[in-house]
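Heads up: the structure comes next, in structure tokens.
All values reported here derive from a predicted model rather than from experimental measurement.
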Amino acid sequence: MSIDPGDLLHWFDSCGRDLPWRAPGVTPWQILVSEFMLQQTPVSRVLPIWPDWVARWPTPSATAAATPADVLRAWGKLGYPRRAKRLHECAAVIARDFDDVVPDDVEALQQLPGVGSYTARAMAAFAYRKRVPVVDINVRRVVARAVHGHAEPAAPSTKRDHADVDALLAVIPKADRAARFSAALMELGAVVCTARAPNCAKCPLRSCAWRDADYPAGSAPKRPAQRYAGTDRQVRGRLLDILRDNDFPVTKAQLDVAWPADAVQRERALASLLSDGLVEQDAGGRFALPGQDRNDSTASR
DNA sequence: AACCCGTGGAA
DNA sequence: TTTCCAAGGGT
């Protein structure tokens with residue numbers, strides 16, 4: 001079972017979302033910023049942040065010139081602040097080693113901080129119109145259903161996943177059209193062939209192995225979902241909340257109120273933030289986001 | 001391979 | 001209320 005490129009591309013032309021990072025004139029760097037923000041994060045939460053971000057820091061060198069503190073504050077509560085740190089590091093590498101131009105080669109892209117297999121391929125396809133498989137959870141789900149007839153994707157296998165999508169791209173004559181097909185495949189998984197309640201009535205595909213098999217349910221006994229409440233991740237979030245809100249270094253006591261009940265966990269979370277380079281400690285023992293001003297002229301001495 | 005890393009909306 | 005899920009990456 002395969003997917004007719006015409007079915008999908010026609011649908012994408014008429015029904016694809018007008019996301020701002022898809023607009024004409026958006027640079028590869030600005031697209032890369034969107035890809036960092038979209039890692040494990042819904043489009044709806046990136047939409048309010050991305051335009052301001054790329055207006056403020058339109059190039060890798062402009063981004064690299066900012067402090068980590070500035071970047072972490074602009075990132076706000078987008079989640080996984082390590083992504084913001086890596087985006088900043090990525091900007092510095094591109095400015096220093098690539099003449100301020102995002103590379104167009106998958107291998108080079110994947111060497112960049114915070115850029116893995118998905119993001120490297122997304123850049124090659126979406127920014128540089130290359131014929132490369134772009135495999136995210138949406139693509140894996142659409143392929144699992146339309147091609148293999150399964151409700152849910154099997155465990156990720158880079159080799160097999162890429163081979164599946166390569167087969168779909170191979171029948172498309174032009175590379176730039178194949179790249180657009182890659183975007184359309186993701187879009188279908190994001191808005192029609194969704195995880196929870198797929199809207200098959202709106203599906204543009206005329207062939208679907210899952211439909212032909214009468215929509216068999218997934219048989220996947222998943223492991224229990226990761227909790228959030230009470231985890232180190234929540235504690236880290238609380239600590240960073242305080243640091244983002246303070247323009248000058250704070251005392252240990254000011255941080256302690258973030259998680260008063262469990263000092264051991266609190267110390268562990270703070271140590272991990274320091275280790276990740278998301279927090280730094282000055283000579284006086286106070287804590288701050290990295291690179292921010294240390295002198296508070298309003299402080300008593 | 002399995003686990004860690006944020007956050008918030010929807011069911 | 002709890003659970004699931006969202007354009008992943010690093011170790």
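In this structure, A:Gln265 places its CD atom 12 Å from P of B:dC4, rounding to the nearest Å. Atom CD1 of A:Ile49 is separated from atom P of B:dG6 by 15 Å (rounded to the nearest Å). Regarding A:Met123, its CE atom lies at a distance of 18 Å from the P atom of C:dA7, rounded to whole Å. Between A:Gln39 atom CD and C:dC5 atom C1' the separation is 17 Å, expressed in whole Å. Straight-line distance from the CG atom of A:Leu32 to the C1' atom of C:dG8: 13 Å, rounded to whole Å. For A:Lys159 and B:dA1, the NZ to C1' distance is 18 Å, given to the nearest whole Å. Between A:Leu87 atom CG and C:dG10 atom P there is a gap of 13 Å when expressed in whole angstrom units. Straight-line distance from the CG atom of A:Asp136 to the P atom of C:dA7: 7 Å, rounded to whole Å.
Residue A:Ala195 is in sugar-phosphate contact alone, with no base atom involved, counting any heavy-atom pair closer than 4.0 Å across all strands shown. Using a 4.0 Å heavy-atom distance criterion, A:Trp75 is classed as making no nucleic acid contact. Contact annotation for A:Asp232: backbone-only contact, meaning every heavy-atom pair under 4.0 Å involves sugar-phosphate atoms and none involves a base. Using a 4.0 Å heavy-atom distance criterion, A:Ala155 is classed as making no nucleic acid contact. Residue A:Ser117 is in sugar-phosphate contact alone, with no base atom involved, counting any heavy-atom pair closer than 4.0 Å across all strands shown. Residue contacts for A:Leu19: at a heavy-atom cut-off of 4.0 Å it reaches a base atom on one of the strands shown. Contacts of A:Thr119 with the nucleic acid, taken as non-hydrogen atoms under 4.0 Å apart, involve only primed sugar atoms and P, OP1 or OP2. Base engagement by A:Arg22 is indicated by at least one non-hydrogen atom pair under 4.0 Å involving a base atom.
Of the charged side-chain nitrogens involved, at least one lies within less than 4.0 Å of a carboxylate oxygen, so that A:Glu187 and A:Arg22 count as a salt-bridged pair. Here A:Arg131 does not pair with A:Asp166 in a salt bridge; the nearest charged N to carboxylate O distance is not below 4.0 Å. Between A:Lys85 and A:Asp276 there is no salt bridge, since no side-chain nitrogen of the basic residue lies less than 4.0 Å from a carboxylate oxygen of the acidic one. Classification of A:Lys252 and A:Asp256 as a salt-bridged pair holds, one side-chain N sitting under 4.0 Å from a carboxylate O.
Under the 3.5 Å distance criterion, the side-chain polar atoms of A:Thr63 are matched with a main-chain donor or acceptor of A:Thr59. Within the 3.5 Å criterion, the main-chain N or O of A:Val101 finds no donor-acceptor partner in the side chain of A:Asp99. Using modelled atom types, one side-chain atom of A:Lys130 and one backbone atom of A:Asp104 make a donor-acceptor pair closer than 3.5 Å.
Annotation: of the two residues near DNA chain C, A:Glu35 and A:Leu112, the 5′-most nearest-nucleotide partner is A:Glu35. Nearer the 5' end of DNA chain C, as judged by each residue's closest nucleotide, is the contact made by A:Thr194, out of A:Gln110 and A:Thr194.
A chain of hydrophobic side-chain contacts below 4.5 Å, direct or via other Ile, Leu, Val, Met, Phe, Trp or Tyr residues, connects A:Ile3 to A:Phe12.
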Review item, nucleotides 7-9 of chain B N/O atoms under 3.5 Å of protein N/O:
| residue | atom | partner | partner atom | Å |
| --- | --- | --- | --- | --- |
| B:dT7 | OP2 | A:Tyr228 | OH | 3.0 |
| B:dT7 | O2 | A:Arg45 | NH1 | 2.5 |

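Separation of the P atoms belonging to B:dG8 and C:dG9 is 23 Å when rounded to the nearest angstrom. When the P atom is used for both C:dA7 and B:dA11, the distance is 15 Å, rounded to whole Å.
Side-chain proximity of A:Arg83 to C:dG10, C:dA7, B:dG6: nearest is B:dG6. Closest approach to the A:Arg86 side chain among B:dC5, C:dA7, C:dG10 is made by C:dG10 (side chain taken as heavy atoms from C-beta onward).
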